[in-house]
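First comes the structure, then the notes that go with it.
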Number of protein chains: 2
Amino acid sequence: MNLTVAEENYIKAIFHLQQAEGNVSTNQLAASLHTKPASVTDMLKKLTNKNLLNYKPYQGVRLSKEGKKQALMIVRRHRLWEFFLVDKLQFGWDEVHEVAEELEHVSSKKLVEKLDSFLGHPKFDPHGDPIPDVHGNMVAIRQFNLIDIQPGTLVEVCSVGSQSAELLELLRHKNIGISTEMLIMKKFDFDHSVEIKIKNSQHINISQQLAQALFVKLV
Amino acid sequence: MNLTVAEENYIKAIFHLQQAEGNVSTNQLAASLHTKPASVTDMLKKLTNKNLLNYKPYQGVRLSKEGKKQALMIVRRHRLWEFFLVDKLQFGWDEVHEVAEELEHVSSKKLVEKLDSFLGHPKFDPHGDPIPDVHGNMVAIRQFNLIDIQPGTLVEVCSVGSQSAELLELLRHKNIGISTEMLIMKKFDFDHSVEIKIKNSQHINISQQLAQALFVKLV
DNA sequence: AATTATTTTTAGACAAATCTAAATAAATTA
DNA sequence: TAATTTATTTAGATTTGTCTAAAAATAATT
Ligand SMILES: [Mn+2]
Ligand SMILES: [Mn+2]
Ligand SMILES: [Mn+2]
Ligand SMILES: [Mn+2]
């Protein structure tokens, strides 16, 4: 089961997109891979023939058992290399992604396992994301309550503390959703409100109640 | 000037084949790259258009100035990764070539320079071959074929003539490696074999074929 | 329910890198 | 020199991964 670089990039993208919600749509994939929907359809057929995913035309797609196994190994390589770049080569945590995007496709089993040993079997990559082990197992994601984050930290929303319509209304109004990236600017002692800066947007203020309802991971 | 993996492999192969002198032939290249002469001709035209080499139909090929520069950077990456694999990941020197063959194509400038620093700017790879520096310069050592050394001379192995698993297996069996010191004892005219004495070890006999695959420097 | 808009798939084309088979040039031998 | 062998190039196909434009299916509106 040898995969090309393109196939691996598709598998990994599907893996990440299907994490939260059900089937992954063609358009979602096209956007995520910076390609066109027609190209995605072609590749989905090819990966289906390789039994890496379950695909029904117009119904979107999910990884098969084998596909998920492959995805976990790609993610493992990606995150191990990110750890290496930051921990050994003194890269900044914000400069490693593109390089790891290439290194992840060097798939020598021996290389990956020896690298893992050399690094001391790290459990998290520089962004706080868990690194799957040889068997594809990873520890639950490192998630923090936004209220506990220190100013200057860049975070990404990964879940909310309730599903209440009131909370979701407020989040929509403030343009905050799952995977929104934000920089924590300042915390005010008076009312425990938090000033944040959403990526490509303005500074806004978040109440104590709202901050307590948001769970984030380090980016 | 962004090169594909295939283009880089061609450039590197031409670089190594033209070392001796003279133009590199289409057939030589096809053999070296395990491809067909027709494919080589196609690629030579393409690389000529990119001004990486000077090619006249039927006359063979040489790298241009720019081509040589590119080649030296590919060789630099290859050898730095080989050093990394042996020195940091505990690979055997006979297991690194294939992996380095892939890693050499990850061409982030920043990655290569930081890796070089991390490794302590090594001057030689695990096979005794010199590693070009950032500017493409590499130390020149006066290197002789063991078959040409006169009896009574003390030498040190500094590189091997091929990376084949068969050669490396034989060397391991005879306990010969890079930087092994040996005294040349006697040369036999009958089969051109050579008797040597490895430092702190016994006298052993080396076949003509093996002697021709070993490069040494005077100690 | 009918119309409109969106999403997805199909059809056809293209560039990269390879191959086989045939044609041509160069080198060798007679 | 002429014939033969070897090396190289051309011609035409194939695979992979991509694209645009058009058709078909699904979803959203009126
Ligand atoms: Mn990638
Ligand atoms: Mn990461
Ligand atoms: Mn290579
Ligand atoms: Mn080497």
Report which part of the nucleic acid B:Ser39 touches: base, sugar-phosphate, or nothing (heavy-atom distance under 4.0 Å, all strands). base
Below the 4.0 Å mark, does D:dT10 have OP1 or OP2 next to a side-chain nitrogen or oxygen of B:Tyr58? no
When you measure from the side chain of B:Ser25, which nucleotide among D:dT18, D:dC19, D:dT8 comes out closest? D:dT8
Under 4.0 Å between a side-chain N or O of A:Lys45 and OP1 or OP2 of C:dT9? no
Please tell me if B:Asn27 has a side-chain N or O lying less than 4.0 Å from either OP1 or OP2 of D:dT6. no
Given D:dT20, C:dA21, D:dT18, identify the nucleotide with an atom nearest to the side chain of B:Ala38. C:dA21
Between A:Lys110 and B:Glu98, is there a side-chain N and carboxylate O pair less than 4.0 Å apart? no
Tell me whether the OP1 or OP2 atom of C:dT8 has a side-chain N or O from A:Thr41 closer than 4.0 Å. no
Using a strict cut-off of less than 4.0 Å between a Lys/Arg side-chain nitrogen and an Asp/Glu carboxylate oxygen, indicate whether A:Lys12 and A:Glu101 qualify as a salt bridge. yes
Are OP1 or OP2 of D:dC19 and a side-chain N or O of A:Thr35 less than 4.0 angstrom apart? yes
Where the side chain of A:Lys114 meets the backbone of B:Gln90, is there a donor-acceptor pair that is under 3.5 Å apart? yes
Checking A:Lys88 against B:Phe84: charged group under 6.0 Å from the ring centre and within 45 degrees of the axis? no
Under-4.0 Å side-chain N/O to phosphate OP1/OP2 contact, B:Tyr55 with D:dT9: yes
Whichever of A:Asp42 and A:Pro57 has its nearest DNA chain D nucleotide further upstream toward 5': A:Asp42
